[in-house]
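The sequence lines fix the lettering, A, B, ..., with proteins before strands; numbering per chain opens at 1. Note that the structure is predicted; figures quoted are calculated from it, not measured. Side chains included, hydrogens not; waters and symmetry mates left out as well; all remaining heavy atoms used.
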Amino acid sequence: MTAISANAGADRLGGVWNVAKPQIRNVVRSRWLVCYLAFFLIATEGLLRFNGGDPKTLLSLGNVVLFIVPLVTLVYGTVYLYNSREFIELLLAQPLKRGTLFTGLYLGLVIPLAASLVGGVTIPFIYHGVVDGQPLALVTLLTGAAALTAAFTGIAFCVALRFEDRLTGLGVGLAIWLLLALVYDGVMLFVIAASDSTMETALLAASLANPIDLVRIALLLQFDVAALMGYTGAVFNRFFSAATGGVVIAMALAAWIAIPLAGGFVAFNRRDF
Amino acid sequence: MIQISGLKKRFGKLEVLKGIDATAVAGRITGIVGPNAAGKTTLIKSVLGLTRPDAGEIRVNGTRVNGDESYRRYIGYMPQMARFPSNLTGLELLAMLRDLRPDVARADDDLVDALSVAPEMGKKLSDLSGGTKQKINAIAAFLFNPSLIILDEPTAGLDPRSSSILKDRILTDRGKGRTFVITSHIMSELEELADDLIFLSEGRIGFAGSIHEIKKLTCQANLERAVAELMLRSEAA
C-alpha cells in the first residue's frame with residue numbers, strides 16, 4: 001500500500017518535472033531572462049566596484065533587488081501565463097492532472113527567475129572575493145529575494161487566471177506592485193508621524209502584510225543598525241530578538257508564497273479553458 | 001466512441017450549449033458543423049475536459065468524463081490554433097509530449113516525414129511559419145496511436161498538398177478502426193471525410209445523422225447545399 005502510494009507520488013513528481021523542464025528551457029532562452037541576469041550582474045558589479053564589500057553595498061543592493069524583483073516577476077509572470085494560454089489548452093488535453101500542470105508551469109517560471117537573480121548577484125561577489133565580509137547578510141538577501149520571486153509569481157498567476165483580459169490583468173498586477181512597493185511606505189510614514197507608541201502592534205501587523213517589507217526587515221536585522229531600519233523595522237526589532245524575528249518573517253513569507261499559489265490553483269482548477 | 005447526453009454549459013449570461021445529446025460512433029468520422037458561435041469548440045472542449053459542463057454527461061469509450069485525466073490517454077487533439085512555447089524547437093515539443101505519456105511504447109511520427117517538416121524540427125517554433133506550426137500541431141495529435149482523434153479545423157492554414165496528406169492519413173486511420181471528430185468550415189472536406197454529421201445551431205442539435213441522411217432530408221445532392229438548407233431552416237424556425 002505504502003509502496004503504491006509512494007510510487008504514485010514519484011509519478012506525480014515526474015509529471016511535474018516533465019512540464020517544468022521544457023518550460024525552464026523556454027524561459028532560459030528568452031531575451032527577457034538574459035536581460036534580467038545581466039541587470040543583476042551589472043548592478044552588483046557596479047556597487048562592489050564603487051563601495052567595496054561593506055554593509056552599505058549590501059543595503060544598496062538590497063534596495064535595488066527589493067524594488068526590481070517584485071516588479072519584474074509580476075509583469076513577466078502575468079504575461080507568461082497569458083502567452084501560454086493556447087499551449088495550456090494543448091497540455092490539458094494530455095493525460096495530465098490539472099494540479100500537476102499548474103505546479104509544473106509555476107516551477108518552470110520560478111526556478112529560472114530565482115536562479116538568474118541568485119546567479120547575477122553571487123557571481124560578482126565571488127569574483128571580488130568579498131563573500132566572507134557579510135556572508136549571512138548576503139544569504140539573507142538572496143533567500144529573501146528568491147522567496148519574493150516565489151510569492152510574486154504566485155500572485156501573478158492568481159491575477160492572470162482570475163482576469164480573462166490581459167490588459168486588465170497586467171493593470172491589476174502593476175497596481176499590486178505599486179501598493180506594496182510604494183504606497184505602503186508612504187502610508188506607514190504618515191501613520192508613524194501621526195501616532196504614538198500604542199500603534200506599534202498595528203505597525204507590526206502591517207509589516208507582516210507586505211512581503212517586500214518583510215524581506216527588508218530580515219536584511220536590516222542582520223546589520224543591527226536601528227537607524228536604517230525604516231519605520232516598521234524599528235518596531236519589529238523592539239518586539240523580537242533576531243532569531244525569533246527571523247522565524248516570524250520566514251513564516252509570514254511562507255504564507256505569502258502559499259496563499260496566492262493556493263488561490264491561483266483554485267482558479268486554475270475551476271477554470272474553463 | 002463518445003456518448004453525450006443532456007450537456008449544458010453557460011458562460012455568464014450566455015448559454016452556449018442548451019442540452020446536447022450526441023454520439024460519435026467508434027470507427028467512424030463524425031463532422032461537427034454549424035454557424036459561428038454555435039458551440040462547436042465548447043462541445044469539443046467539454047469532451048476533452050478543458051471546459052466543465054453545468055449539466056449532462058459525457059462518456060469516452062465508456063468512461064465518464066469527471067475530472068480524472070486517465071481517459072485522455074487514448075485521445076489525440078489538434079486545437080484550432082497552434083501556439084507553442086516560442087523558444088523551444090519542434091523536436092523538444094514532441095519530446096515533451098512524449099514524456100507526458102510514459103506508457104506509450106512507440107511514438108508514431110510518420111507524419112513528420114510525410115509532411116516533410118523534418119528539416120524544420122530543429123528550429124525555434126517562433127521562427128516557423130503558421131503552416132509549419134499547423135503541421136506540427138497535426139503531428140502531435142497522431143503521435144500516440146490514439147483511438148479517438150479530435151481535430152478542430154485541421155486543414156486551416158495548410159497548403160493543398162499537406163492538407164491532402166493529412167486527409168489521407170485520417171482515412172487510413174479510420175480503416176484501422178480509429179474514431180474521429182472533426183470540425184470544419186469546409187464542407188467539401190467533410191463530404192470527403194465524414195461518415196456522420198452533427199449540425200449545431202445556437203447550442204442545440206439541429207441535425208445528427210449520416211451524410212447520406214442529411215442529403216436525403218434536405219433534397220440536396222452535395223453537403224454544402226444540404227448544410228446551407230439546414231441553416232436556412234433553423235433560422236426560419
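- The shortest distance between side-chain heavy atoms of Pro211(A) and Phe152(A) falls below 4.5 Å.
- If you check the side chains of Thr132(B) and Ser129(B), you find a donor sitting under 3.5 Å from an acceptor.
- By number of non-hydrogen pairs under 4.5 angstrom with chain A, the leading residue of Met81(B), Met78(B), Met96(B), Gln80(B) is Met96(B).
- Using a 4.5 Å cut-off between heavy atoms, Leu93(B) contacts chain A through its side chain alone, with no backbone atom that close.
- A cation-pi contact, defined as under 6.0 Å to the ring centre and within 45° of the axis, is absent between Arg73(B) and Tyr71(B).
- The parts of Val19(A) that come within reach of chain B are both its backbone and its side chain, each placing non-hydrogen atoms under 4.5 angstrom from that chain.
- When the candidates Thr100(A), Ile88(A), Leu92(A), Asn83(A) are compared by the number of heavy-atom contacts under 4.5 Å with chain B, Leu92(A) comes out ahead.
- Considering only heavy-atom pairs separated by less than 4.5 Å from chain A, the leading option among Arg52(B), Lys9(B), Lys124(B), Lys45(B) is Arg52(B).
- With chain A as partner, the option from Thr51(B), Leu50(B), Asn137(B), Leu88(B) having the largest number of non-hydrogen pairs under 4.5 angstrom is Leu50(B).
- For the residue pair Asn61(B) and Thr63(B), no side-chain donor N or O sits within less than 3.5 Å of a side-chain acceptor on the partner.
- Proximity to chain B (any heavy atom under 4.5 Å) is shown, for Ser84(A), by neither the backbone nor the side chain.
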Quiz item: For Glu120(B) and Lys123(B), what are the C-alpha separation, side-chain angles and deciding distance, and is it a salt bridge (Lys or Arg N to Asp or Glu O under 4.0 Å)?
Solution: CA-CA 6 Å; Glu120(B) 316 283 336; Lys123(B) 293 182 188 162; 3.2 Å; yes
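- Atom CZ of Arg85(A) has more than 12 neighbouring heavy atoms from other residues, nucleotides or ligands inside a 6.0 Å radius.
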